[in-house]
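Have a look at the structure below, then the notes.
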Amino acid sequence: MIFKKDSYVFHKRVGICRVDDIAPFPGDDSGNLYYVLAPLYGDDKGNILHVPLGNAISLSLPLTKEEAGVIVRDWPNPDENHYVVDSKKRKTLYEESLGSGSIVTLAPLLEGAMQRKKRDGHLNSMDGQFVSHAEPLIYGSIAHALNIDYANVREYIINNLGK
């Protein structure tokens with residue numbers, strides 16, 4: 001799939017990005033072209049990513065409005081326990097889900113971490129790192145697709161569960 005300048009893409013590691021340019025990598029004389037991406041949310045916002053056109057397997061189209069609506073409707077019920085207590089199993093699940101970039105896989109794990117935060121008032125280091133990586137992937141995708149403010153996505157999800 002070829003993306004155009006000024007379009008938006010989903011990068012499975014950082015979430016929604018704007019394609020700022022398609023250009024050679026500075027200092028690379030090979031003639032290879034790269035997508036020059038600007039992440040829109042999370043810790044990577046303000047950074048620039050270069051993804052080779054010939055190896056853009058980490059990129060896909062962003063969620064559509066309809067797909068985002070399904071994710072919100074089917075969001076894991078916050079009244080059910082989604083927290084994985086076994087830390088080794090939880091770590092493996094975090095790594096696998098972040099590696100895949102699958103919002104459907106990430107959602108219950110994020111919900112579980114948020115349940116722990118609500119219950120304990122804080123997150124341990126592993127859960128905190130997961131949340132800081134998962135929220136931009138999930139909430140950024142939903143914010144972009146539904147054209148709502150990133151800061152309001154969690155509240156939007158809670159208010160629209162099952163609708």
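Predicted model, so just to flag it, every value in this text is computed and none were measured.
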Transitive ILVMFWY cluster of Val104 at side-chain heavy atoms under 4.5 Å: who else is in it?
-> none
Would you mind listing the cluster partners of Tyr34? Hydrophobic ones only (ILVMFWY), side-chain contacts under 4.5 Å, chaining allowed.
-> Phe25
So, taking the atom named [atom1] in [X] and the one named [atom2] in [Y], what distance separates them when rounded to the nearest 0.5 Å?
X     : Y      : atom1 : atom2 : result
Leu49 : Asp44  : CG    : CG    : 6.0 Å
Asn77 : His82  : CG    : NE2   : 6.0 Å
Ile71 : Asn160 : CD1   : CG    : 13.5 Å
Arg13 : Ser100 : CZ    : OG    : 9.0 Å
Leu63 : Ile142 : CG    : CD1   : 7.0 Å
Lys4  : Tyr35  : NZ    : OH    : 10.0 Å

Report yes if some heavy atom in the side chain of [X] is under 4.5 Å from a heavy atom in the side chain of [Y]; otherwise report no.
X      : Y      : answer
Leu37  : Val51  : yes
Trp75  : Ile138 : yes
Leu40  : Tyr8   : yes
Leu106 : Leu98  : yes

Are [X] and [Y] in one and the same hydrophobic cluster, where Ile, Leu, Val, Met, Phe, Trp and Tyr link if side-chain heavy atoms are under 4.5 Å apart?
X      : Y      : result
Tyr94  : Val85  : yes
Met126 : Leu123 : yes
Val153 : Ile16  : yes

Testing the basics here: between [X] and [Y], what is the closest heavy-atom pair and its distance to 0.1 Å?
X      : Y      : value
Val14  : Leu137 : C-CD2, 3.6 Å
Pro39  : Cys17  : CA-SG, 3.7 Å
Ala145 : Ala68  : CB-CB, 3.6 Å
Leu109 : Ser97  : CD1-OG, 3.3 Å
Pro62  : His144 : CB-ND1, 4.0 Å

I'd like to check the side-chain contact (heavy atoms from CB on, under 4.5 Å) partners of [X]; sequence neighbours left out, ordered by chain and number.
X      : answer
Leu33  : Ile22, Pro24, Leu53
Lys12  : Phe10, Ser58
Lys89  : Val84, Asp86, Leu93
Glu135 : Leu110, Met114, Val131, Tyr139, Tyr150

Any donor-acceptor N or O pair under 3.5 Å, side chains Tyr83, Arg90 | yes
For Arg18, check salt bridge (charged side-chain N to carboxylate O under 4.0 Å, His left out) against everything at least two apart and list the hits.
-> Asp20
Just jot down the salt bridge (charged side-chain N to carboxylate O under 4.0 Å, His left out) partners of Asp120, sequence neighbours excluded, or say none.
-> Arg116
Quick one: list whatever passes ring-ring contact (aromatic ring centres under 6.0 Å, His included) with His11, sequence neighbours left out.
-> none
State which residues pass ring-ring contact (aromatic ring centres under 6.0 Å, His included) with Tyr156; sequence neighbours excluded, sorted by chain then number.
-> none
[X] side chain vs [Y] backbone, donor-acceptor pair below 3.5 Å:
X      : Y      : result
Thr105 : Gly101 : no
His133 : Asp43  : no
Ser7   : Phe3   : no

Contact list for residues 141-161, test salt bridge (Lys or Arg N to Asp or Glu O under 4.0 Å), sequence neighbours left out = Glu111-Arg154
What residue pairs, at least two apart or across chains, pass salt bridge (Lys or Arg N to Asp or Glu O under 4.0 Å) with a residue in residues 54-71?
-> none
